Protein chains: 2
Amino acid sequence: MTSTDSTDLLDIGEVIEASGVKASTLHVWEKAGLIDVAQRNGLRRQYEPEVMTRIAVIVVAKRAGFSLDEIGDLFTPGIFDEGKTLLTSKLDELRQRRDELDAAINGLEHAIACPASSPFACEGFQSTLPDVLPVT
Amino acid sequence: MTSTDSTDLLDIGEVIEASGVKASTLHVWEKAGLIDVAQRNGLRRQYEPEVMTRIAVIVVAKRAGFSLDEIGDLFTPGIFDEGKTLLTSKLDELRQRRDELDAAINGLEHAIACPASSPFACEGFQSTLPDVLPVT
DNA sequence: CAACAACCTCAACTCGTGTTGAGGTCAAGA
DNA sequence: TCTTGACCTCAACACGAGTTGAGGTTGTTG
């Protein structure tokens, strides 16, 4: 029997190259419980190929504004199972954030199209300001 | 003559109450050049009413992911005038972020509707993962 | 006027995330 | 076997953004 049964595991170097995420960052994410190490070859970490999906999720979630702790919650089976309430409330947050983002985009589009000398002189921009105050 | 000519200026306390932003945060934003103090009453800051708009913009921009420095750029007249290139590139970033956010929302909606026990077991979720890798 | 409450400054601290660097281990190829 | 370079650990540092607290000032009200 050849050593083919570990052929599908990825060295950290491969993960780094394929993902663009640095080793130090992967270590941090691992310590935060976001990614698992399948096994070690000596000291060296070896990952299941699925780690790439995981990393993609983390990257997307971070851009969406999740903290590492919150991302960890998404990965916790119990939390996911129990009525998915956490996920649902996250979803609400995300929707709201998207709406705000949309408002910001519209505002900036107005401001760019406008001859005014600053966003504040552009009433199209002004009108897109949601009543975000008081900050909750 | 009464003191009516400063009647329209806001004490920091009023700003705090109306905006929900803490004094310490306002100080930080002021130091970063994001908000101006119209005048002082003794030591005490007094603001033009327009500061409320400014604060609303800052809050929205922060939620949209701008750093304080970037927000400062938006307020710099020269930068705004000069072809509005900065604003335009910010706008591109925002659009991309919104698209990612949309993808994340769709993914989570799939995951919630799905009987699978984790987002990774949900192929609707999987299919919404953009190719965010390698991270640029 | 006297006292108080609101405000001030400034430095030090917190928190989350990640990076850097020194020094050590080890798998694999020549 | 020897070497090499990829990888390891762990602590210290960096950075953005804000908070806290000690100690000081002062406008306002009784």
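The figures here come from the full heavy-atom set of this structure, side chains too, leaving out hydrogens, waters and symmetry mates. Every chain is numbered from 1, with letters handed out A, B, ... down the list of sequences. None of these values were measured; they are calculated from a predicted model.
In this structure, B:Ile35 places its CD1 atom 11 Å from P of D:dG18, rounding to the nearest Å. D:dG16 atom C1' lies 12 Å from atom CD of B:Glu70, rounded to whole Å. For the pair A:Glu14 CD and D:dC7 P, the interatomic distance rounds to 9 Å; values are reported in whole Å. One interatomic measurement links the two molecules: CD of A:Gln39 to P of C:dA27, which rounds to 13 Å at whole-angstrom precision. Nucleotide D:dT28 holds its P atom 5 Å from the CG atom of B:Asn41, rounded to whole Å. One interatomic measurement links the two molecules: CG of B:Asp11 to P of C:dA5, which rounds to 17 Å at whole-angstrom precision.
Under a 3.5 Å cut-off, the side chain of A:Glu14 and the backbone N or O of A:Asp11 do form a donor-acceptor pair. A side-chain donor-acceptor contact under 3.5 Å links B:Arg54 to the backbone of B:Leu34. Put simply, the side chain of B:Glu70 gets close to the backbone of B:Ser67: a donor and an acceptor are under 3.5 Å apart.
Checking each of A:Ile35, A:Val51, A:Val21 against A:Val15 for a side chain to side chain contact (heavy atoms under 4.5 Å, CB included) leaves exactly one that passes, namely A:Val51.
A salt bridge links B:Asp102 and A:Arg98; the closest N-O separation between the charged side-chain nitrogens and carboxylate oxygens is under 4.0 Å.
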Kindly give the atom pairs (protein nitrogen or oxygen, nucleotide nitrogen or oxygen) under 3.5 Å for nucleotides 8-11 of chain C.
from: C:dC8; atom 1: OP1; to: B:Arg45; atom 2: N; distance (Å): 2.9
from: C:dC8; atom 1: OP1; to: B:Arg45; atom 2: NH1; distance (Å): 2.9
from: C:dC8; atom 1: OP2; to: B:His27; atom 2: NE2; distance (Å): 3.4
from: C:dC8; atom 1: O5'; to: B:Arg45; atom 2: NH1; distance (Å): 3.3
from: C:dC8; atom 1: O3'; to: B:Arg40; atom 2: NH1; distance (Å): 3.3
from: C:dT9; atom 1: OP1; to: B:Arg40; atom 2: NH1; distance (Å): 3.4
from: C:dT9; atom 1: OP1; to: B:Arg40; atom 2: NH2; distance (Å): 3.1
from: C:dT9; atom 1: OP2; to: B:Arg45; atom 2: NH1; distance (Å): 3.0
from: C:dT9; atom 1: OP2; to: B:Arg45; atom 2: NH2; distance (Å): 2.6

Could I get a table of every N or O pair under 3.5 Å where one atom is in the protein and the other is in nucleotides 16-20 of chain C?
from: C:dT17; atom 1: OP1; to: A:Leu68; atom 2: N; distance (Å): 2.9
from: C:dG18; atom 1: OP1; to: A:Lys62; atom 2: NZ; distance (Å): 3.3
from: C:dG18; atom 1: OP2; to: A:Trp29; atom 2: NE1; distance (Å): 2.9
from: C:dT19; atom 1: OP2; to: A:Ser24; atom 2: OG; distance (Å): 3.0
from: C:dT19; atom 1: OP2; to: A:Thr25; atom 2: OG1; distance (Å): 2.3

B:Leu9 vs B:Tyr47, test: side-chain contact (heavy atoms from CB on, under 4.5 Å). Steps then yes/no.
CA-CA 5 Å; B:Leu9 292 184; B:Tyr47 300 93; over 6 Å; no

Please report the C-alpha distance between A:Val37 and A:Gln46 in whole Å, then the side-chain angles of each, then the deciding distance to 0.1 Å, and finally whether the side-chain contact (heavy atoms from CB on, under 4.5 Å) criterion is met.
CA-CA 6 Å; A:Val37 175; A:Gln46 305 207 278; 5.7 Å; no

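By the side chain to side chain donor-acceptor pair (under 3.5 Å) test, A:Glu50 pairs with no residue at all, sequence neighbours left out.
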